Amino acid sequence: MSKTIVSMDQVTIRFAGDSGDGMQLTGDRFTSDTAILGNDLATLPNYPAEIRAPTGTLPGVSSFQLHFADHHIQTAGDAPDVLVAMNPAALKANMRDMPRGSTIIVNKDEFSARNLTKVGYETNPLEDGSLESYKVHGIPLTSMTVGALAHLPLSRKEAERAKNMFALGMLSWMYHRPTKATEKFLTAKFSKVPDILEANLVAYRAGWNYGETTEEFSVSYEIAPAPQAKGKYRNMSGNLALAYGLIAGAQCAKLPLFLGSYPITPASDILHELSKQKKFGVITFQAEDEIAAVGAAIGASYGGAMGITSTSGPGVALKSEAIGLAVMLELPLIIVDVQRGGPSTGLPTKTEQSDLLQVMFGRNGESPVPVLAASTPTDCFDMAVEAVRIATAYRTPVFLLSDGYIANGSQPWRIPEVDSLPDLHVDFAKTQENFQPYARDPKTLARPWAVPGTPGLEHRIGGIEKANLTGDISYEPANHDFMVRTRAAKVAGIEVPDLVVDDPDGAEVLILGWGSTYGPVRAAIDVLRESGAKVAQAHIKYINPFPKNLGEVLSKYPKVILPEMNLGQMAMLIRSEFLKDIISFNQVRGLPFSTTELVEATLEVLNG
Amino acid sequence: MAEITLTKKDFTSDQEVRWCPGCGDYSILATMQAFLPELGVPREKIVFISGIGCSSRFPYYLETFGMHSIHGRAPAIASGLTISRPDLTVFVITGDGDALSIGGNHFIHALRRNVDLKIMLFNNRIYGLTKGQYSPTSEAGKITKSTPVGSLDTPFNPVSLGLGAEATFIARTIDSDRKHLTGVLQAATKHKGSALIEIYQNCPIFNDGAFDSIKDGDSREGALLHLIHGEPIKSTTHAVVRKADGDLEMRALSEINEADIVIHDAHRIDPTYAFALSRLSTNDHVLVGVFRDVARPSYGDLVHEQVDGVIAKQGKGDLATLLAGGDSWEIS
């Protein structure tokens, strides 16, 4: 039977299953194969809040969404075109996101009366007509996988575990994905357990062959590669990009990298990655708590390393006092805050941008700290290098904001040439007569970085107010006033690039974004412009200090829309700094903005 | 290497010392300034890191590198420094409130890791800087500003706590006894890894006379039982003996045979012996000296061994290779 091949320009697929079903791995592999084919792509994993919720229940559902296209795309897609649901729980948990007419592929074997009852289905949705307006494919994924592996010496349970590879093979056939890389990946992953390797390879190929031979699927789809700039690419998640950026930044500064960290979702992967990179001389220190983590980083910076600590919002709260110390000591330090839903424990596995005011102001006293925010998964690399530049050149703690969305999301990354990275080398203070630890560079206002071990530079620093120049303890009123203003001026004077405005049509409405809203905003702008609307876009990545031209940009637009995954924190900063009214568009659902909601919100302003 | 001929003066900074008159900190400072020249480490390689409290002013008065940090966090900051800079000699200066209350967590974790830090715990059994509240080492029932009818807390025994935290070196000494303090400093600085030194320190303003019973000129020879490796544990009037059931106890010399006095073994790996010793002191009779001194690799050495081991095996990291990864594709 010859099957029809249909060309499409883009598809969004969501893989969903029990947290033990291997959906993240399945999604990752489909993503890698898609990247190799040359589509542009964006991904959105969605982890359950519980580590291992009871099998087959709604809290245990884990999913991975992938949007890929023959053109440049910005987000992981609003609504899936295809849902692969490995059990009734996965179907039920994801149905509300599925538009009518979309395709639903389910593992029919799991739709037993018991499993249906577990998630509150009174009748079988595959049989009761409730899915009539969808294209439903009920496939016995489990039994076919077990059947395909009958020749191997495996228990039934072991054989069943390969069903995700069967599903991956089937979808790979359906979308013409190349298979070599996944076979190579499996071979490496299971090299020590040959039976399991064989099971996964056989299941993967069986899934492919099933797609090709079954009458269940009459059509397969082609999505042509997207035009991309020349170069070498790889798929890159935000947390990995951030870890690489820190290593690259430290290398550019010729400094050893020291990470003090305490495990916390969704930042732990930065600790994991850096702990693997010992060959770069990286030292990672899993501290007893968040405070010790930042304390150790400060100690390392004092000794001449690039001290870094990685955490999320609750960790920042604990680190605040030590960050204030770093402000006073005027030593380099990077605090990476991968934001999650708050307050308190909040939503550990969900995204939010609600730490902005905490990182700006969450310390006692006048305690200015530069704040940077990465805009996309791959931008985490560039902004990490920038964080190293600012921390070292200005001898200051720097906040680098990411969030759960871009930390776990991924996109193709054009691998930079190492030669193109900036030279961030800074000099330590050298042996000299009458050394003054708080004398300043006239341009940057940075004080000398005088590391222990340098003869003649013996001096004492600390959290008590410092006398200008000498760094001795000083309670002098005028000195405190001077030092407070000087520290503020140092941070205010940090050189950051101007804000870039994209406005080809002379728009009156500007959509201003910051941090991880870049992708959704860009996608909305594309949709709006296609429909003939005039909208401008600008995206803030440097929050403290703001780009010098921000005020001027704001003054050009009668209406400025600012979408944020909080209740208006950036809007508050901008209003107070520029006396500019802002039309806030806020949501805190733990999810990124959808393109549709941003388009609708913008149209309301345009038409209002 | 050229001989280092530094004197006490070389380690004395230009800062005016600002403790209350009569504070025990003065004598500890003077002893430290006199000891540092004999340590044989150049000034620039020595770092003092303190937390918050009266004792934490200590670094200002020493002509070395120093940091007066924040309350309780000195062991954490010092850990980051000594792990990344194993060439330095790093002291932590702390007090009973700083180390055992607000900084308790960092204190125990530094000890269990055996980070190469010399932790000098000035124990005056009171909060001095905040003007006289009870501390985690104050005796139960203590009347202070915050406990007008007596404190309810059972105090920590810093030596017992340190042993519970797997400390490899623990000693106790007294602010006013320069010779003894110097001896303990010598032993502590020879030790690789964490060394905890509890120093009984008098606060003349808020807890004056806390240690008078063991400092009095007439009775001190009897009050102090010296812990010297390989020697019997005794004072002029008392000694430590082993009871029939195996427990240790302190007895008057008049009640026992010389031959039954326990011979001190500071190097015993099993910490239960040192722990038993740590429970014997009374208000009038106190064990001083090195309770425990056992060898265990320092945390910093292990960290660098791992890093060096990986580099020896895989070579130095190449940034271009790292960034390229193993799963890339070319667009031409």
Side-chain angles (χ1 to χ4, degrees), chain A residues 32 35-36 38 181 185 228-235 244 247-248 251 256 258 260 277-283 285 287-289 291-292 295-305 307 321-322 324-325 329 415-418 452-464 472-473, chain B residues 13 15 42-50 52 59-60 62-85 87-88 90 105-106 108-109 303-304 306-307 309-311 313-320 322-325 327-332:
Chain A
S32 287
I36 287 165
F185 168 86
Q228 281 168 315
K230 274 186 193 172
K232 203 171 178 189
Y233 287 77
R234 67 184 288 190
N235 192 45
Y244 282 9
I247 293 173
Q251 294 243 315
F258 181 99
Q277 301 302 343
K278 292 185 173 39
K279 57 180 173 290
F280 287 91
V282 169
I283 294 177
F285 177 66
E288 57 271 23
D289 60 29
I291 300 170
I298 291 170
S301 283
Y302 175 55
E321 189 196 18
L325 174 68
L329 298 179
I415 300 161
E417 296 291 339
V418 170
T454 320
L457 300 192
E458 296 83 4
H459 68 285
R460 276 63 56 191
I461 55 177
I464 297 183
D472 292 342
I473 290 178
Chain B
S13 79
Q15 300 294 296
R43 291 188 298 191
E44 70 273 12
K45 295 261 191 181
I46 300 173
V47 186
F48 283 86
I49 297 188
S50 62
I52 293 291
Y60 289 117
L62 289 156
E63 192 55 27
T64 63
F65 279 84
M67 186 196 294
H68 179 203
S69 77
I70 45 177
H71 207 6
R73 316 305 169 200
I77 294 167
S79 290
L81 178 64
T82 187
I83 291 166
S84 57
R85 289 289 307 277
D87 58 314
L88 303 174
V90 183
N105 202 27
H106 312 308
I108 56 173
H109 285 274
V303 165
H304 288 277
Q306 273 195 345
V307 169
V310 169
I311 291 173
K313 226 166 139 185
Q314 306 177 7
K316 274 208 165 181
D318 173 60
L319 191 57
L322 176 78
L323 301 186
D327 215 0
S328 60
W329 65 95
E330 196 87 38
I331 306 262
S332 47

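What you are looking at is a predicted structure, and each value in this text was computed from that prediction instead of being measured. Here is how names work: the chains are called A, B, and so on, in the same order as the sequence lines, proteins then strands, and each is numbered from 1.
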Please rank B:I331, B:D87, B:D327 by heavy-atom pairs under 4.5 Å with chain A and give me the top one. B:I331
A:E417 CD to B:L319 CG distance, which is reported to the nearest 0.5 Å: 11.0 Å
Under 4.5 Å heavy-atom distance to chain B, tell me which part of A:L457 shows up: side chain, backbone, both or neither. both
A:Y233 and B:W329 aromatic ring geometry - parallel, tilted or perpendicular at 30°/60° bounds: parallel
Interatomic distance, A:R460 atom CZ to B:I49 atom CD1 [nearest 0.5 angstrom]: 13.5 Å
I need the A:E458 CD to B:L62 CG distance, nearest 0.5 Å. 11.5 Å
At a heavy-atom separation under 4.5 Å, does A:A229 approach chain B through its side chain, its backbone, both, or neither? backbone
The interface call for B:A324 against chain A, heavy-atom contacts under 4.5 Å, is both
Side chain from CB out, backbone as N, CA, C, O: work out which of these in B:S69 comes under 4.5 Å of a heavy atom of chain A, or both, or neither. both
Hey, mind stepping through B:I77 and A:Y302 against side-chain contact (heavy atoms from CB on, under 4.5 Å) and telling me if it holds? CA-CA 9 Å; B:I77 294 167; A:Y302 175 55; 5.9 Å; no
Greatest number of non-hydrogen atom pairs under 4.5 angstrom with chain B, of A:K232, A:Q228, A:Q251, falls to A:K232
Heavy-atom pairs under 4.5 Å with chain A: which of B:I311, B:I46, B:I70 has the most? B:I70
Of the listed A:L329, A:N235, A:I298, A:D472, the one with the largest count of heavy-atom pairs under 4.5 Å with chain B is A:D472
Heavy atoms only, distances under 4.5 angstrom: which of B:R85, B:K45, B:Q15, B:R73 has the most pairs with chain A? Name it, please. B:R85
Check the pair A:K279 / B:V310 against side-chain contact (heavy atoms from CB on, under 4.5 Å), numbers first and verdict last. CA-CA 6 Å; A:K279 57 180 173 290; B:V310 169; 4.0 Å; yes
With chain A as the partner, which of B:S50, B:S332, B:S79, B:A78 has the greatest number of non-hydrogen pairs under 4.5 Å? B:S332
Please classify the contact between B:V47 and chain A as side chain, backbone, both or neither, with a heavy-atom cut-off of under 4.5 Å. side chain
Relative to chain B, which of A:G462, A:P455, A:G456 shows the most heavy atom pairs under 4.5 Å? A:P455
Per-residue contact mode, A:E288 against chain B (heavy atom under 4.5 angstrom): both
I'd like to verify something: which residue of B:A320, B:G317, B:S84 has the highest number of heavy-atom pairs under 4.5 Å with chain A? B:G317
Which atom of B:A76 lies closest to which atom of A:A292, heavy atoms considered: CB-CA, 3.6 Å
Measure the CG-CZ distance between B:L322 and A:F280 for me, rounded to the nearest 0.5 Å. 4.5 Å
Is chain B contacted by the side chain of A:P452, its backbone, both, or neither, given a heavy-atom distance below 4.5 Å? both
At what distance, to the nearest 0.5 angstrom, does CZ of A:F285 lie from CD1 of B:I83? 4.5 Å
Closest-packed option against chain B by number of heavy-atom pairs under 4.5 Å, given A:P256, A:P416, A:G231: A:G231
Against chain B, work out which of A:D289, A:I464, A:I415, A:I461 has the most heavy-atom pairs shorter than 4.5 Å and name it. A:I461
Which bit of A:A248 is near chain B, if near means a heavy-atom gap under 4.5 Å: side chain, backbone, both or neither? both
Partner chain A: residue of B:K316, B:R43, B:E63, B:Q314 with the largest heavy-atom pair count (under 4.5 Å): B:E63
Heavy-atom distance under 4.5 Å between the side chains of B:E44 and A:T454, does that happen here? no
